[in-house]
Amino acid sequence: MNLACCLLLLFPQLLCGLRGVNETEYQMHYSNPDTFQCLSDSSVRISATQVNDDYCDCIDGSDEPGTSACDYKFYCENAGHQPQHIFSSRVNDGICDCCDGADEYSGFVECADGCAALAEKLRLLRLEKERIRKEGITKKVAWIQEAVVEMQKLKEELATLEQDKQSYTTKLAELQFIKDKEEEIEEKERQAKKHGLMSDEDEAMPMADGSYSASQDNEDEDEDHDPKIPVPSIFSRFKGWLLDMVDEYIYSLPSRRSADDYKRPEAETARTNYNSQQTLVDNTQERIDKINKIFDTDYGEQKEFYMTTKECLNFVGEYTYKFCPFGQVTQGYTSLGDFSGWKTTEYENYGTTIDRSVQHYTGGVYCHGGPDRSATVVVQCGLENKILSVSELVRCEYQLVWETPAACSMEEDEAASN
């Protein structure tokens, strides 16, 4: 080995550049041939010869980017592939971490240059990803077109429902008036039956003072009686006793005891009509609310995610999960949360940005000893609507990976095109 090679091994900083850093880092921090300034503490300066001497002179380890002496990072150039940084602790550990083998320069192991093979593998992966993206866009465009048609139909339906609701409400008020009147008569008849003034075949006769008589015939019978005609006292007593017995017997009949359950047919009909109309009004309002909720939900800039709401997706792992896009996530019968929105980021000068690659589902069933259950859904491009994985990253906080054509970007992947 000649002197030049020995010098390069002993002092790699003599190279144009420095082992363990990229060219930009070298020019910014390591190019001074005399001194080096520690990156985290500019007051500490050391000799340039102390850089990569396998001894930590800086607290942050920035003087040893090319050795394993400090807790720092090592730069892999990986020519022909993607450059990367690895932990300095992996330098000369006997394992080839850089595809070009630059991290194992001690010579204890010989690393083959695998960068070209990795680059080819990555190229094929990118091409496959681009193929999926393009096919996914075809489905996405079709979904957007279907969403446009459905949204228009919903607008028309909503306008019709609003008109129907007005007419239904007007009719309901009319039926309310009829019901109230019939129930008022029903209550008066019920009171009459409770006091024995009316049989099942009779109709109560209201008096001026609000009381009831059994029938007009009884009144006529009383009017025909001449009080001037004497009546034997024994007969009068017998008649009174007999009438009392009859009244007591009549009052004991089931029809009298069940007076509280008395239902006037006309009132029953009025109630049935009213309740039917009320149900019609409620169902109409429920549908109006549902349509308005659809309009208020963010299904994407072009409503591309709307068609995903047409089906729920299942995932079977340790547990069975059910995911209804923009609806609810469940684990068996346990709710993990309802859709609460897309991930948002607040910027002081730019306002709020929406990240439509992450959804939040909150307000799930309370987790014993913890928070309410919740779920985060990571959305990515795919040819089918399906759940790829479910995991519980933190106790009672779940993450789902959802693949769908709706998430495929309209913009071409620059890396794949290159």
Side-chain angles (χ1 to χ4, degrees), residues 149-216 250-297 306 309-312 322 324-330 333-335 337-340 363-366:
V149 174
E150 289 219 11
M151 288 296 170
Q152 182 59 38
K153 290 181 178 179
L154 288 174
K155 288 181 181 179
E156 295 172 359
E157 181 184 356
L158 182 61
T160 301
L161 289 171
E162 292 288 2
Q163 293 178 352
D164 291 344
K165 179 187 171 184
Q166 291 182 357
S167 63
Y168 294 159
T169 304
T170 301
K171 180 65 175 179
L172 183 66
E174 296 173 358
L175 294 174
Q176 169 91 51
F177 178 79
I178 296 173
K179 183 176 77 74
D180 290 345
K181 286 295 184 182
E182 291 297 337
E183 288 181 340
E184 182 180 351
I185 297 173
E186 179 184 56
E187 180 59 27
K188 290 180 179 179
E189 293 184 357
R190 181 181 294 115
Q191 294 300 323
K193 288 176 69 66
K194 289 176 70 174
H195 293 87
L197 300 177
M198 173 184 167
S199 68
D200 292 337
E201 292 77 17
D202 292 334
E203 185 173 339
M205 303 298 293
M207 303 294 287
D209 61 357
S211 61
Y212 288 79
S213 64
S215 68
Q216 187 64 36
I250 292 175
Y251 193 71
S252 68
L253 293 175
S255 60
R256 300 306 184 192
R257 291 197 304 267
S258 60
D260 289 338
D261 299 328
Y262 171 69
K263 306 292 184 183
R264 190 170 189 267
E266 293 83 352
E268 282 283 83
T269 300
R271 277 189 290 269
T272 299
N273 293 339
Y274 174 81
N275 292 336
S276 297
Q277 190 68 18
Q278 181 66 68
T279 299
L280 187 59
V281 172
D282 292 342
N283 290 342
T284 302
Q285 184 61 54
E286 182 179 349
R287 180 58 180 165
I288 289 174
D289 293 341
K290 185 175 182 179
I291 293 176
N292 283 327
K293 184 178 180 181
I294 291 175
F295 289 148
D296 293 339
T297 301
Y306 175 68
T309 65
K310 300 302 182 180
E311 65 172 340
C312 293
K322 184 177 182 180
C324 298
F326 299 89
Q328 188 180 64
V329 181
T330 57
Y333 295 101
T334 302
S335 170
D338 297 312
F339 177 71
S340 57
V365 173
Y366 172 72

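- The shortest distance between side-chain heavy atoms of Thr334 and Thr330 does not fall below 4.5 Å.
- Here the side chains of Ile294 and Tyr306 are in contact, with some heavy-atom distance below 4.5 Å.
- A salt bridge links Glu268 with Arg271: at least one charged nitrogen is closer than 4.0 Å to a carboxylate oxygen.
- Few gaps surround CD on Gln152; more than 12 heavy atoms of other groups in view lie less than 6.0 Å from it.
- Salt bridge absent: Glu186 and Lys263 never bring a charged side-chain N and a carboxylate O closer than 4.0 Å.
- Under the 3.5 Å distance criterion, with hydrogens and angles disregarded, no donor-acceptor pair is assigned to the side chains of Asn273 and Gln277.
- The pair Glu150-Lys310 meets the salt-bridge criterion, since a charged nitrogen lies less than 4.0 angstrom from a carboxylate oxygen.
- Contact annotation: the side chain of Gln176 approaches that of Tyr274 to within less than 4.5 Å [non-hydrogen atoms, C-beta and beyond].
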*Before giving the answer on side-chain contact (heavy atoms from CB on, under 4.5 Å), spell out for Val329 and Phe339 the whole-Å C-alpha distance, their side-chain angles and the decisive distance to 0.1 Å.*
CA-CA 8 Å; Val329 181; Phe339 177 71; over 6 Å; no
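- Side-chain contact check for Ile288 versus Lys165: some heavy-atom pair is nearer than 4.5 Å.
- Salt bridge absent: Glu286 and Lys290 never bring a charged side-chain N and a carboxylate O closer than 4.0 Å.
- For the pair Arg264/Arg190, no side-chain contact is recorded, criterion being any heavy-atom separation below 4.5 Å from C-beta on.
- No side-chain donor from either of Glu162 and Gln166 sits under 3.5 Å from a side-chain acceptor of the other.
- Lys171 is listed as a side-chain neighbour of Leu175, based on a closest heavy-atom distance under 4.5 Å.
- Applying the 6.0 Å contact sphere to CZ of Phe295 captures more than 12 heavy atoms from other residues, nucleotides or ligands.
- Of the charged side-chain nitrogens involved, at least one lies within less than 4.0 Å of a carboxylate oxygen, so that Arg287 and Glu157 count as a salt-bridged pair.
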